[in-house]
Amino acid sequence: MGYINLHKKSFFNNLDYFSTICTKEKLAIALKDNAYGHGTYEIASMCKEYGIQHVFVKNMREAKLIEEFLFDTILVLYDIPKIKYDNIITSINSIEDLSKVPKGSKIELKIDTGMNRNGILHSQIDLAVESILRNDLILFGVFTHFCCADEDDNSITNQQEKKFENSVAKIKSLIKNDFRIHCANSHGVFKVDMKKYDLARIGIGAYGYLDFEQTKHLAPVLSLYAKKITTKKIKKDQHVGYGSDAFIASKNMIVSNYDIGYADGFLRLSEIKKAKVSNEKEILGRVSMDSFSIEGDDKIVCVFNNANKLAKAHNTINYEILASLSPFLKRTII
């Protein structure tokens, strides 16, 4: 079966780079959604080895999966635990969430500063604080999320940061205890003064990708490999795979089929001859549910070690290429 290699040297290189931007102590690494396809447990183990103290996940299932690593904090973005924990922090995405969290729990209040997705509005802060105090909750942090930090124009990010600062000031006037403050993701750390904030939420950057010039400092962490199933000699004018016209051989050739397909998260090609595996061999015809074909007879091929080329072929983003990878593929740290 196909498999994934995770390159520890590359991962640590990426964390080293972000440590120079905002210090190692401030790094909070995204382990949500199977660590962007890299494997929540495997990446958590490398985070712990590196000395990361803070991570964030999508739900309690992911939080429980990594509890053995004893991170100082695990921020759960989209789930509410049934009991309180010492190191699991619940993200509050709406006023209604505050009545669902167990009494005595640590929470982080998300402020909607213009993304218009999750979080409470500035006008709801008084109501939120009243609910926090009434339900005996511990305000552990306040944060927001930038919608345009990956764009060259900083105007919207600057507007959001100003709104966030106003909301933080209001909350500080209403609540006595200290709380941590954060707003920047991988791209955002280059748009704000990180000295003002307690955490940097590093997601795609930790895995080797950015849309800025800083990409040159990073290295992709994940490589996907496929193993050969069969090899056939085909003649000129014979086709390969589904569809009589998806691929027709222009010569006699050796063709092999490999054990990665769209069921493994390797997206199906709707247009022909747009994607190649990492050895620059074109995929012949369409990707099947469990396999794809290329010319040659190598026993193992690297399907990709950089998601950007596939993202371009599929007219999507590297996040989708990575996050689509099946959690059932074996992941090995090398």
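Heavy atoms only, all atoms of each residue included: Lys281 and Gly296 are closest at NZ-CA, 3.9 Å. Of all non-hydrogen atoms in Asn135 and Lys103, the two that sit nearest each other are O-CG, 3.4 Å. Here the closest non-hydrogen pair linking Gly114 and Gln160 is N-NE2, 4.0 Å. Ser293 and Val255 make their closest contact through CB-CG1, 3.9 Å (heavy atoms, listed as atom of the first residue, atom of the second, distance). Listed here is the closest heavy atom pair of Ala35 and Ile43: CB-CG1, 3.8 Å. Taking both residues in full, the closest heavy atoms of Val221 and Ala206 are given as CG2-O, 3.7 Å, listed atom of the first, atom of the second, then distance.
Residues passing the side chain to side chain contact (heavy atoms under 4.5 Å, CB included) test with Arg134, sequence neighbours excluded: Glu130, Ser131. Not counting sequence neighbours, the partners of Thr316 by the side chain to side chain donor-acceptor pair (under 3.5 Å) test are Glu320. Residues forming a ring-ring contact (aromatic ring centres under 6.0 Å, His included) with His145 (at least two apart in sequence, or on another chain): none. Remark: Phe11 pairs with no residue by the ring-ring contact (aromatic ring centres under 6.0 Å, His included) rule, at least two apart or across chains. Residues forming a side chain to side chain donor-acceptor pair (under 3.5 Å) with Tyr197 (at least two apart in sequence, or on another chain): Glu161. For Lys58, the side chain to side chain donor-acceptor pair (under 3.5 Å) partners at least two apart in sequence or on another chain are Asp33. His7 pairs by the side chain to side chain donor-acceptor pair (under 3.5 Å) definition with Ser223, not counting sequence neighbours. Residues passing the side chain to side chain contact (heavy atoms under 4.5 Å, CB included) test with Ile21 are Tyr17, Val189, Phe190, sequence neighbours excluded. For Tyr258, the ring-ring contact (aromatic ring centres under 6.0 Å, His included) partners are Phe292, not counting sequence neighbours.
Under a hydrophobic clustering in which Ile, Leu, Val, Met, Phe, Trp and Tyr are joined whenever their side-chain heavy atoms come within less than 4.5 Å, directly or via other members, Ile111 and Phe143 fall into different clusters. The same ILVMFWY cluster, assembled from side-chain heavy atoms under 4.5 Å apart, contains both Ile74 and Met60. Each of Ile294 and Tyr225 belongs to its own hydrophobic cluster when Ile, Leu, Val, Met, Phe, Trp and Tyr are linked at side-chain heavy-atom distances under 4.5 angstrom. Each of Ile120 and Phe140 belongs to its own hydrophobic cluster when Ile, Leu, Val, Met, Phe, Trp and Tyr are linked at side-chain heavy-atom distances under 4.5 angstrom. Cluster annotation: Ile283 is not connected to Tyr242 through the hydrophobic network of ILVMFWY side chains, with a link wherever side-chain heavy atoms come within less than 4.5 Å.
The distance from the OG1 atom of Thr332 to the CD1 atom of Ile4 is 9.5 Å, given to the nearest 0.5 Å. One finds the CG atom of Leu329 at 5.0 Å from the CG atom of Asp264 (value rounded to the nearest 0.5 Å). Atom CD1 of residue Ile204 and atom CG of residue Leu322 lie 5.5 Å apart, to the nearest 0.5 angstrom. Separating the CG atom in Leu267 from the OG atom in Ser324 is a distance of 5.0 Å, to the nearest 0.5 Å. Rounding to the nearest 0.5 angstrom, the gap separating the OG1 atom in Thr23 from the CZ atom in Phe18 is 13.0 Å. The NE2 atom of His187 lies 10.0 Å from the CD1 atom of Ile202; values are rounded to the nearest 0.5 Å.
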Counting only pairs under 3.5 Å, give me each side-chain donor-acceptor contact of residues 168-178, with atom names and distances, residues two or more places apart or in other chains.
residue	atom	partner	partner atom	Å
Lys170	NZ	Asp126	OD2	3.2
Ser173	OG	Lys170	O	2.5
Asn177	ND2	Leu139	O	2.9

Only pairs under 3.5 Å count here: list side-chain donor-acceptor contacts from residues 83-93, not counting sequence neighbours, and write none if there are none.
residue	atom	partner	partner atom	Å
Asn87	ND2	Phe71	O	3.0
Asn93	ND2	Leu77	O	2.9

Go through it in stages, so that I can follow the logic: the residues are Ile107 and Ile132, the test is side-chain contact (heavy atoms from CB on, under 4.5 Å), and I'd like the CA-CA distance, side-chain angles, deciding distance and then a yes or no. CA-CA 9 Å; Ile107 64 163; Ile132 289 169; 3.8 Å; yes
Test log, rule side-chain hydrogen bond (donor to acceptor under 3.5 Å, both in side chains), inputs Asn252 and Lys235: CA-CA 4 Å; Asn252 294 346; Lys235 296 180 179 181; over 6 Å; no
Working for salt bridge (Lys or Arg N to Asp or Glu O under 4.0 Å), residues Glu42 and Lys8: CA-CA 10 Å; Glu42 290 82 2; Lys8 183 191 295 187; over 6 Å; no
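Looking at Phe304 and Val277, their side chains never come closer than 4.5 Å, going by heavy atoms from C-beta outward. Side-chain contact check for Ile52 versus Val55: some heavy-atom pair is nearer than 4.5 Å. The side-chain heavy atoms of Ile300 and Lys228, taken from C-beta on, include no pair separated by under 4.5 Å. Residues Asp298 and Ser256 fail the side-chain proximity criterion, which asks for heavy atoms closer than 4.5 Å. Taking 4.5 Å as the limit, some side-chain heavy atom of Ile260 sits within range of a side-chain heavy atom of Leu224. By the 4.5 Å heavy-atom criterion applied to side chains, Val101 and Leu137 are counted as neighbours. Counting heavy atoms from C-beta on, the side chains of Ile66 and Glu62 never come closer than 4.5 Å. Counting heavy atoms from C-beta outward, Ser45 and Ile333 have side chains that approach closer than 4.5 Å.
More than 12 heavy-atom neighbours from other residues, nucleotides or ligands sit within 6.0 angstrom of OH on Tyr78. Shown here is Ile234, whose CD1 atom has more than 12 heavy atoms of other residues, nucleotides or ligands within 6.0 Å. Applying the 6.0 Å contact sphere to CG of Asp193 captures more than 12 heavy atoms from other residues, nucleotides or ligands. No more than 12 heavy-atom neighbours from other residues, nucleotides or ligands sit within 6.0 angstrom of NZ on Lys227.
One finds a salt bridge joining Lys309 and Glu280 here, because a Lys/Arg side-chain nitrogen approaches an Asp/Glu carboxylate oxygen to under 4.0 Å. With respect to Lys251 and Glu295, a salt bridge is recorded, a charged nitrogen being found less than 4.0 Å from a carboxylate O.
The closest side-chain donor-acceptor pair between Arg201 and Ser186, if any, does not fall under 3.5 angstrom. Side-chain polar atoms of Asp259 and Ser291 form no donor-acceptor pair below 3.5 angstrom. A donor atom on one side chain and an acceptor atom on the other are not found under 3.5 Å apart for Ser288 and Asp290. Using modelled atom types, one finds no donor on one side chain facing an acceptor on the other under 3.5 Å when comparing His38 with Arg331.
When each of Thr157, Asn154, Asp150 is paired with Lys191, the side chain to side chain donor-acceptor pair (under 3.5 Å) condition holds for Asn154 and for no other.
In this structure, Asn34 contributes its side chain and Ser326 its backbone to no donor-acceptor pair below 3.5 Å. Counting only distance, with no hydrogens or angles, the side chain of Asn14 and the backbone of Ser10 share a donor-acceptor pair below 3.5 Å.
Applying the ring pair (Phe, Tyr, Trp, His ring centres under 6.0 Å) test to every pair with at least one member in residues 48-69, sequence neighbours left out, gives these pairs: Phe12-Tyr50, Tyr41-Phe69.
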